[in-house]
Amino acid sequence: MIRFGTMNRLSRVIISAALLLLAGIFLNPPALIAVEQGEYIAIRKQGTGKIAIVLDRTSAKGKTESAWARSLDSIVKDGLVFSDLFSILPPPSNIRAEGKDKAVNFSALSSVGSEVYAGGSVSKKSGKVHLDMEVYDTFGSKLLLKKSYTGSEAELRSMGHAFCADLIEMLTGNKSYFGSKIVFVSSITGNKEIYQCDFDGQGVQQLTNFRSISLTPVFSPDGRYLAYTSYTSGRPTLYVKNLADNTIASVVKNGVSVDPGWRNAAEVATTLSFEGDQEIYLVRPDGSITRRITNSRGIDVSPTFSPDGTRMAFVSARNGLPQIFIQDMQTGAVKRLTYSGRYNTQPSWSPGGDKIAYTTWEKSGEINIFVINADGSGLKRLTSGARENESPSWSPDGSMIVFTSNRQGGKRLYVMGSNGENQRRLLQMEGEQMQPSWSLFR
């Protein structure tokens with residue numbers, strides 16, 4: 001992950017200078033189109049600060065277009081604030097130079113400390129919303145990004161987020177989490193059902209209505225399936241829902257079937273007890289078993305995989321109290337990862353493959369989230385002094401972690417930077433929310 005910091009000016013690295021005419025589909029709506037033009041430049045900052053950016057008000061002509069512009073301004077600003085990468089500065093009063101062309105006044109922008117400027121216009125073309133955006137390096141008066149987005153009025157949020165995603169990718173070199181989903185459990189109905197929301201807590205949707213107990217939901221990497229544990233049959237059973245046709249498969253075995261974790265889009269690992277001990281198995285989306293992975297005394301649960309699927313981190317009580325282990329999927333070799341803490345659970349492997357977040361029950365009675373390198377080095381506590389914090393899950397770009405905390409009473413969902421900074425509540429919702437899982441797909 002690239003870190004950002006304070007500096008007097010931006011270092012600019014020209015990656016390519018070519019005229020691109022690219023039509024692409026953003027997020028889910030098939031009608032949402034973006035066209036990129038001009039130079040593509042990446043900016044990187046060193047240190048720990050934020051990028052100072054001025055967001056100009058989107059210009060528009062007409063009552064309807066002006067309303068679209070106001071909505072887009074709010075969507076873009078909220079999206080960039082959520083990222084915690086930017087310091088958003090108020091635009092200077094003389095942001096546009098005098099004259100017929102009303103060009104951007106870079107001197108005025110520099111005087112307020114702006115490093116990046118973003119602005120654009122919105123219009124109506126062929127019944128569609130047409131958003132044109134430009135991004136400049138303020139110090140060099142250099143055009144960094146010029147891009148157009150087209151969609152319906154109902155797709156304003158997707159259009160604004162598509163621009164945010166392009167801006168962040170250009171400035172950091174990394175794809176962002178815009179367009180991703182978070183799936184979680186909530187008791188708002190009086191039962192524990194599964195819900196999903198957008199990356200920023202908006203657009204909450206209920207996914208199950210079994211009037212029972214449903215737990216540990218997780219999307220497949222490609223977003224085609226949702227695996228979860230439910231007690232609808234009277235015992236904990238793994239279910240896999242095909243989100244395209246809403247068909248549901250289950251593991252038809254005696255005993256328990258809990259705690260799924262996807263290895264790839266075709267295999268999900270889960271704990272089964274039909275052979276006696278609770279071991280981890282690989283299961284296909286149709287509920288059939290591929291093979292058994294673990295074989296030891298003691299309970300083995302909570303599988304999570306490296307991005308390439310070659311290694312599995314999991315929780316085992318084989319040495320007594322729960323600790324986190326890593327198993328090579330080809331050789332079967334197992335090594336213990338955690339030695340600090342007596343009760344370590346809920347591992348979550350980062351999308352970059354270098355770190356694992358997990359939960360520790362500490363002697364003080366607190367439950368806190370730690371992160372450790374996959375080789376066992378670099379242990380760091382991310383939460384402290386905030387009661388019970390658990391169920392960490394990484395954003396698709398590895399820049400954030402969503403988790404559960406009861407720091408304000410009942411269990412709620414929170415997000416924080418991958419370094420533990422800027423911890424804040426994700427969504428406002430009745431009941432309790434828990435066991436979040438951030439999708440890898442966008």
Side-chain angles (χ1 to χ4, degrees), residues 4 10 26-27 32 34 43 45 49-60 64-96 104-106 108-110 112-123 129-138 144-151 153-172 174-180 182 197-203 395 397 399-400 415-417 421-428 442:
F4 295 82
L10 299 171
F26 283 82
L27 311 178
L32 185 59
I43 299 176
K45 300 187 68 182
K50 299 180 181 182
I51 297 175
I53 186 171
V54 165
L55 297 176
D56 200 357
R57 284 179 293 183
T58 304
S59 64
T64 299
E65 290 87 343
S66 296
W68 292 343
R70 289 191 295 270
S71 294
L72 285 165
D73 287 344
S74 178
I75 291 166
V76 170
K77 181 178 180 181
D78 290 346
L80 297 185
V81 168
F82 184 84
S83 75
D84 201 35
L85 296 177
F86 298 89
S87 174
I88 299 179
L89 306 176
S93 58
N94 57 341
I95 192 171
R96 293 287 177 175
V104 176
N105 188 346
F106 292 106
L109 289 167
S110 296
V112 298
S114 171
E115 296 171 303
V116 175
Y117 163 86
S121 63
V122 65
S123 58
V129 182
H130 192 82
L131 174 66
D132 294 303
M133 293 297 294
E134 294 181 346
V135 179
Y136 287 87
D137 165 16
T138 301
L144 303 180
L145 178 69
K146 185 175 182 180
K147 201 158 187 178
S148 298
Y149 306 87
T150 301
E153 183 174 0
E155 295 167 331
L156 287 177
R157 180 171 160 85
S158 296
M159 292 170 66
H161 286 166
F163 168 70
C164 290
D166 290 334
L167 176 63
I168 290 176
E169 183 174 356
M170 179 191 66
L171 296 178
T172 68
N174 296 326
K175 290 186 177 296
S176 69
Y177 44 74
F178 288 92
S180 61
I182 296 173
C197 65
D198 294 342
F199 69 93
D200 58 356
Q202 302 296 312
S395 63
D397 63 347
S399 67
M400 290 187 180
V415 291
M416 61 180 166
E421 295 180 356
N422 195 21
Q423 299 181 18
R424 72 268 196 195
R425 188 168 169 180
L426 178 66
L427 73 167
Q428 302 296 322
R442 301 171 181 83

- [ ] Take Ile95 and Asp56 through the side-chain contact (heavy atoms from CB on, under 4.5 Å) test and state the conclusion after the steps.
- [x] CA-CA 8 Å; Ile95 192 171; Asp56 200 357; 3.7 Å; yes
Task: side-chain contact (heavy atoms from CB on, under 4.5 Å) between Asp73 and Leu55, worked out - done: CA-CA 8 Å; Asp73 287 344; Leu55 297 176; over 6 Å; no
- [ ] Quick one: do Asp166 and Met133 satisfy side-chain contact (heavy atoms from CB on, under 4.5 Å)? Show the steps, please.
- [x] CA-CA 11 Å; Asp166 290 334; Met133 293 297 294; over 6 Å; no
Task: Verdict with supporting geometry, Val104 and Arg96, side-chain contact (heavy atoms from CB on, under 4.5 Å) - done: CA-CA 5 Å; Val104 176; Arg96 293 287 177 175; 3.4 Å; yes
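Closest approach of Cys164 to Val76, counting heavy atoms only: SG-O, 3.6 Å. Among all heavy-atom pairs drawn from Leu72 and Gly160, the shortest one is CD2-N, 4.0 Å. Smallest separation of non-hydrogen atoms from Gly201 and Leu426: N-CD1, 3.7 Å. The shortest heavy-atom contact between Asp198 and Arg157 is OD2-NH2, 3.0 Å. Across all their heavy atoms, Pro90 and Val54 have their closest contact at O-CG2, 4.3 Å. The two residues Met170 and Val135 come nearest to each other via the heavy atoms CE-CG1, 3.9 Å.
Within the model, atoms CG of Asn174 and OG of Ser399 stand 8.5 Å from one another, a figure rounded to the nearest 0.5 Å. The structure places CG of Leu109 at 5.0 Å from OG1 of Thr138, a figure rounded to the nearest 0.5 Å. How far CG of Asp200 is from CD1 of Ile75: 10.0 Å, rounded to the nearest 0.5 Å. Within the model, atoms CE of Met159 and OG of Ser148 stand 9.5 Å from one another, a figure rounded to the nearest 0.5 Å. Atom NZ of Lys146 sits about 5.0 Å away from atom CD of Glu134, to the nearest 0.5 Å. With rounding to the nearest 0.5 Å, the separation of CG in Leu131 from CG in Leu156 is 9.0 Å.
A search for side chain to side chain contact (heavy atoms under 4.5 Å, CB included) contacts involving Ser66 returns Ala60, Arg70, not counting sequence neighbours. Scanning for side chain to side chain contact (heavy atoms under 4.5 Å, CB included) contacts around Thr64 gives Trp68, with sequence neighbours left out. Under the side chain to side chain contact (heavy atoms under 4.5 Å, CB included) criterion, Asp84 pairs with Lys50, Asn422, not counting sequence neighbours. Legend: residues meeting ring pair (Phe, Tyr, Trp, His ring centres under 6.0 Å) with Tyr136, ordered by chain and number and at least two apart, are Phe106. With sequence neighbours left out, Phe199 forms a ring pair (Phe, Tyr, Trp, His ring centres under 6.0 Å) with Phe82, His161, Tyr177, Phe178. With sequence neighbours excluded, no residue satisfies salt bridge (Lys or Arg N to Asp or Glu O under 4.0 Å) with Asp132.
At least one side-chain heavy atom of Leu167 sits less than 4.5 Å from a side-chain heavy atom of Ile53. Contact annotation: the side chain of Pro92 never approaches that of Asn105 to less than 4.5 Å [non-hydrogen atoms, C-beta and beyond].
Side chain of Ser74 to backbone of Ser71: no donor-acceptor contact under 3.5 angstrom is found. Judged by distance alone, with hydrogens and angles left aside, the side-chain atoms of Glu115 form no donor-acceptor pair with the main-chain N or O of Ile51 at under 3.5 Å.
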